[in-house]
Amino acid sequence: MYDFLIKKYVERITHDDITKFALKEGITLTDDETDVIYNYIKKDWRTFYYGNPRAQLDEMKELLSEEAYKKVESLYIEAKNKINNKF
C-alpha cells in the first residue's frame, strides 16, 4: 500500500513543490539544484525508500552546493529514521 501511495505522490510532484519545500526548510535552491533533486526523486525514489541510496547521494554531492547537499542528506536521514521507527 505504501508503495502505491508514494508512487502516486512522486508522479505528481513538481519542481515548484521541491522549491517550496526547500524554502520551508530554510534553503534556497538554484534552478539546476531543483532539477537535480527532481530527477533523483523521479528516477530513484524506490532506492531512497527501500534500499541504500549511498551511490545516489554521492552523485548528488557533486551536483549540489555544499549547503543544499547537507540539507538533502539531513532530511533523508530524518525521514528514513521516522520510517524505520514506525515498523
Which residues share a ring pair (Phe, Tyr, Trp, His ring centres under 6.0 Å) with Tyr38, sequence neighbours left out
His15
Measuring from atom CG of Asn39 to atom CE of Met60, what distance do you get when rounded to the nearest 0.5 angstrom?
9.5 Å
What I'd like to find out is whether the side chain of Ile83 reaches to under 4.5 Å of the side chain of Tyr2, using heavy atoms alone.
no
What I want to find out is whether Glu67 reaches Lys70 closely enough, with some N-O distance under 4.0 Å, to be called a salt bridge.
no
Between Val10 and Tyr50, is there a shared hydrophobic cluster once you connect ILVMFWY residues whose side-chain heavy atoms come closer than 4.5 Å?
yes
Lys20 and Glu25 ion-paired at < 4.0 Å
no
Between Lys42 and Ile13, does a side chain to side chain contact (heavy atoms under 4.5 Å, CB included) hold up when you go through it step by step?
CA-CA 8 Å; Lys42 290 287 193 173; Ile13 200 166; 3.8 Å; yes
Quick one: pull up CD1 in Ile77 and CG in Asn84 and give me the separation to the nearest 0.5 Å.
12.0 Å
Within a 6.0 Å radius of atom NZ on Lys80, are there more than 12 heavy atoms belonging to other residues, nucleotides or ligands?
yes
Within this structure, what is the OG1-CG distance for the pair Thr30 and Leu64, rounded to the nearest 0.5 Å?
8.0 Å
Is any side-chain heavy atom of Leu63 less than 4.5 Å from a side-chain heavy atom of Tyr69?
no
Just by modelled atom types, is the Ser65 backbone N or O under 3.5 Å from a matching donor or acceptor in the Glu33 side chain?
yes
Between Tyr40 and Glu59, does a side-chain hydrogen bond (donor to acceptor under 3.5 Å, both in side chains) hold up when you go through it step by step?
CA-CA 10 Å; Tyr40 275 93; Glu59 290 171 9; 2.5 Å; yes
How far apart are the closest heavy atoms of Leu29 and Ala22, and which atoms are they?
CD1-CB, 3.6 Å
Which is it for Thr19 and Asp16 under the side-chain hydrogen bond (donor to acceptor under 3.5 Å, both in side chains) test, yes or no, and what are the steps along the way?
CA-CA 5 Å; Thr19 300; Asp16 193 46; 5.3 Å; no
If you count heavy atoms of other groups shown closer than 6.0 angstrom to CD of Glu66, is the number above 12?
no
Using a 6.0 Å distance limit plus a 45 degree cone around the ring axis, check whether Lys7 lies over the aromatic ring of Tyr9.
no
Does atom CG (Asp31) have a neighbourhood of more than 12 heavy atoms from anything else shown, all under 6.0 Å?
no
Do Asp3 and Arg46 meet the salt-bridge criterion of a basic N to acidic O distance under 4.0 Å?
yes
So, taking the atom named CH2 in Trp45 and the one named CD in Gln56, what distance separates them when rounded to the nearest 0.5 Å?
13.5 Å
Report the distance from atom CD1 of Ile37 to atom CD1 of Ile18, rounding to the nearest 0.5 Å.
6.5 Å
Testing the basics here: between Ala68 and Ile27, what is the closest heavy-atom pair and its distance to 0.1 Å?
CA-CD1, 3.2 Å
Can you name the nearest heavy-atom pair linking Tyr76 to Gly51, along with the distance?
OH-O, 4.1 Å
Ignoring hydrogens and geometry, is there a side-chain-to-backbone donor-acceptor pair from Asp58 to Ala55 under 3.5 Å?
no
